Amino acid sequence: MKPAIVDLAERIQTDIQTRKLKPGDPYFTTSETARSFQVSGTTANRALQLLTQRRILVRKQRAGTFIAESDAEQSHGLKCVHLVVHQKFLEREGLLADGIVIGIQRELPDAELQFNFLPHREEEAYVEEIVNRALKSSEPEGFVLQRAQVGVQRILQESGLPAVVNGLLQPSITGLARIDRDQEQIGRLLIEELLRKKCARILVVLRDQVTAGDHQMLDAVQRELKAAGFGLDQLCIRCLPADDRAIQAAALEVIKNSAGKLGVLCRSEPAARAIADCFSIESIPVSRRPVLVVADRFAREQVSCPFPCIRACLSPVAYGEEIGRMLIRQVNGEDALSMDTRVAVELVQPE
């Protein structure tokens, strides 16, 4: 089911075509649109704002709403691209790597890239305010969401604005473009590596905010372990905050209670480094130290990773360029539902 304002915007475009309105012709006011299409004034206003963003309509203060001049042969740029991310993730893990930002800017050289850091509380209200401002802008604006929760994704879905989710869509969200590394392939490759190292028990260390991508990866982990004959007691999962001491304490507990060789699949590189740092602090003998592998590695890419890790087969710049192209396609009227990019990955061994 399409969001109300997206559906209304499409109905308005059909009305324009049916009535054969031409550039410069006046269109309904907000109240006239609401009455004509039997919707609320708020829905009518947001749909007209959305069509202004798409340059189908132009709204002139004190004059009214008019059909925009035809510009079909020219690609529409974006005035601003909002990069929406939690600051703690950006600082600790670099979840929007510099290369991705450079790639977006290459595709959208005239757009201002603006970081919007989600607050710890009331993040939906914060995003709603940004979206409302973007809808009122005279120039198109777009959004890139990183690790966004379902409420934030729903706000962008309902806005109809150009948006790309860097990651998987949350359950019930269907109307947004998305790009993500192949999470099933990530789970399979990392478990294959741990099985090659003869690990008899697996610990999966996730962030405290679990996403749809984590679910896909875990499903692949379970399938691989079942095929290898592992039982339920040979898989342990921990969802932990981005705090080194909390990660170390949880990992040490599992290490001490594991009889055989332990393999640790860490969602992020900082988590793996925290666990490795505790080996010498706690005087864990080499024979008892687990094998560490890393799923997400976006930060400090100029520094070699000491653990086997996953790398996207697209470079960060190419990844960002694809995000930019997806935004442009939406500005030019393409349906976001057709934009679902799964990026292949590979396992990289430490140098």
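Heavy-atom basis, side chains included; hydrogens, waters and symmetry copies ignored. Keep in mind it's a predicted model, so treat the numbers as computed, not measured.
- The closest donor-acceptor contact from the side chain of Ser258 to the backbone of Val254 lies under 3.5 Å.
- The shortest side-chain heavy-atom distance between Phe279 and Ile255 falls under the 4.5 Å cut-off.
- In terms of heavy atoms, Ala44 sits closest to Leu8 at CA-CD2, 3.8 Å.
- One side chain, Asn132 or Arg46, offers a donor N or O that lies under 3.5 Å from an acceptor on the other.
- For Arg223, the CZ atom is densely surrounded, since the number of other residues' heavy atoms within 6.0 Å is greater than 12.
- By the criterion of side-chain heavy atoms lying less than 4.5 angstrom apart, applied directly or through intervening Ile, Leu, Val, Met, Phe, Trp or Tyr residues, Leu169 is not grouped with Ile186; the two fall into different hydrophobic clusters.
- By the 4.0 Å N-to-carboxylate-O rule, Glu334 lies close enough to Arg329 to be salt-bridged with it.
- For Glu253 against Asn257, the heavy-atom pair with the smallest separation is O-ND2, 3.0 Å.
- Side-chain contact between Val85 and Leu118: absent, with no pair of heavy atoms (C-beta onward) separated by less than 4.5 Å.
- Ring geometry, Phe28 versus Phe37: the interplanar angle exceeds 60°, so the pair is classed perpendicular (tilted spans 30 to 60°).
- With rounding to the nearest 0.5 Å, the separation of CG in Leu190 from CZ in Arg267 is 9.0 Å.
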- Message: Is there a side-chain contact (heavy atoms from CB on, under 4.5 Å) between Asp182 and Val343? Walk through the geometry before answering.
- Response: CA-CA 6 Å; Asp182 190 327; Val343 178; over 6 Å; no
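- Within the model, atoms CD of Gln157 and CG of Leu145 stand 11.5 Å from one another, a figure rounded to the nearest 0.5 Å.
- Residues Leu168 and Gln153 come closest through the heavy atom pair O-NE2, 3.6 Å.
- By the 4.0 Å N-to-carboxylate-O rule, Arg273 lies close enough to Glu269 to be salt-bridged with it.
- Judged by distance alone, the side chains of Glu32 and Ser36 never bring a donor and an acceptor atom under 3.5 Å apart.
- In this structure, Asp335 contributes its side chain and Ser338 its backbone to no donor-acceptor pair below 3.5 Å.
- Tyr319 and Val348 fall into different hydrophobic clusters, defined by Ile, Leu, Val, Met, Phe, Trp and Tyr side-chain heavy atoms under 4.5 Å apart, directly or through other members.
- A distance of 9.5 Å separates CD of Glu321 from CG of Leu314, quoted to the nearest 0.5 Å.
- If you take CG on Leu176 and CD on Gln330, they are separated by 8.0 Å, rounding to the nearest 0.5 Å.
- Side chains of Thr52 and Val58 form no contact here, defined as non-hydrogen atoms less than 4.5 Å apart.
- Pro119 approaches His86 most closely through the heavy-atom pair O-CE1, 3.8 Å.
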- Item | Worked verdict on Asp244 versus Asp277 for side-chain contact (heavy atoms from CB on, under 4.5 Å) | CA-CA 9 Å; Asp244 287 353; Asp277 287 345; 5.6 Å; no
- Walk me through it: do Asp15 and Arg19 pass the test salt bridge (charged side-chain N to carboxylate O under 4.0 Å, His left out)? CA-CA 6 Å; Asp15 179 56; Arg19 294 201 281 148; 3.1 Å; yes
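- The side-chain heavy atoms of Leu235 and Val204, taken from C-beta on, include a pair separated by under 4.5 Å.
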- Message: Using the rule given for side-chain contact (heavy atoms from CB on, under 4.5 Å), can you reason through Arg201 versus Cys199, listing the C-alpha separation, both sets of side-chain angles and the distance that settles it, and then say yes or no?
- Response: CA-CA 6 Å; Arg201 193 179 187 206; Cys199 295; over 6 Å; no
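- For the atom pair CG of Leu189 and SG of Cys309, the computed distance is 11.5 Å after rounding to the nearest 0.5 Å.
- The pair Arg181-Asp296 meets the salt-bridge criterion, since a charged nitrogen lies less than 4.0 angstrom from a carboxylate oxygen.
- Without hydrogens or angle criteria, Ser159 side chain to Leu156 main chain gives a donor-acceptor distance under 3.5 Å.
- Judged purely by atom type and a 3.5 angstrom limit, Glu107 has no side-chain atom pairing as donor or acceptor with the backbone of Glu322.
- With hydrogens and angles disregarded, no donor-acceptor distance shorter than 3.5 Å links the side chain of Arg297 to the backbone of Ser268.
- Between Arg311 and Glu346, at least one side-chain nitrogen of the basic residue sits less than 4.0 Å from a carboxylate oxygen of the acidic one, meeting the salt-bridge criterion.
- In plain terms, the two heavy atoms of Cys278 and Ile284 that are nearest each other are O-CD1, 4.4 Å.
- The backbone N or O of Ala212 sits nowhere less than 3.5 Å from a side-chain atom of Gln216 that would complete a donor-acceptor pair.
- Side chains of Val317 and Ile100 form no contact here, defined as non-hydrogen atoms less than 4.5 Å apart.
- Judged by distance alone, the side chains of Arg154 and Ser172 do bring a donor and an acceptor atom under 3.5 Å apart.
- Contact check on Lys198 versus Glu193 returns no salt bridge, with no Lys/Arg side-chain nitrogen under 4.0 Å from an Asp/Glu carboxylate oxygen.
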- Message: Walk me through whether Val144 and Val84 qualify under side-chain contact (heavy atoms from CB on, under 4.5 Å).
- Response: CA-CA 6 Å; Val144 177; Val84 182; over 6 Å; no
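- Using a cutoff of 4.0 Å between basic side-chain nitrogens and carboxylate oxygens, Arg342 and Asp180 are not scored as salt-bridged.
- With hydrogens and angles ignored, the 3.5 Å screen pairs a side-chain donor or acceptor of Gln234 with a backbone N or O of Gly231.
- Annotation: the span from Ile130 atom CD1 to Asn116 atom CG amounts to 3.5 Å, rounded to 0.5 Å.
- Between Glu141 and His82, the closest side-chain pair of non-hydrogen atoms falls below 4.5 Å.
- Under 3.5 Å, the side chains of Thr30 and Thr33 contain no donor-acceptor pair of N or O atoms.
- By the criterion of side-chain heavy atoms lying less than 4.5 angstrom apart, applied directly or through intervening Ile, Leu, Val, Met, Phe, Trp or Tyr residues, Phe66 is not grouped with Tyr27; the two fall into different hydrophobic clusters.
- Not a single salt bridge (charged side-chain N to carboxylate O under 4.0 Å, His left out) links Glu112 to another residue, sequence neighbours left out.
- No side-chain heavy atom of Val291 sits less than 4.5 Å from a side-chain heavy atom of Leu262.
- Although no hydrogens or angles enter the test, the distance criterion places no donor-acceptor pair under 3.5 Å between the side chain of Gln13 and the main chain of Ile16.
- Considering all non-hydrogen atoms of both residues, Arg325 and Ala318 come closest at NH2-O, 4.4 Å.
- Side-chain polar atoms of Arg59 and Asn45 form a donor-acceptor pair below 3.5 angstrom.
- Side-chain atoms of Asp214 come within 3.5 Å of backbone atoms of Thr211 as a donor-acceptor pair (strictly under, hydrogens ignored).
- Using a 4.5 Å cut-off between side-chain heavy atoms of Ile, Leu, Val, Met, Phe, Trp and Tyr, with links allowed through other members, Val101 and Ile323 fall into the same hydrophobic cluster.
- Annotation for Glu122: atom CD does not count as buried by contact number, only 12 or fewer foreign heavy atoms lying within 6.0 Å.
- Thr29 and Ser31 are linked by a side-chain donor-acceptor pair at a separation below 3.5 angstrom, with hydrogens and angles left out of the test.
- Looking at Val205 and Val264, their side chains come closer than 4.5 Å, going by heavy atoms from C-beta outward.
- A donor-acceptor pair is defined here as one N or O able to donate and one able to accept, closer than 3.5 Å; such a pair exists between the side chain of Gln185 and the backbone of Val345.
- Put simply, Phe115 and Val81 are part of the same group of oily side chains (I, L, V, M, F, W, Y) that touch within less than 4.5 Å, one to the next.
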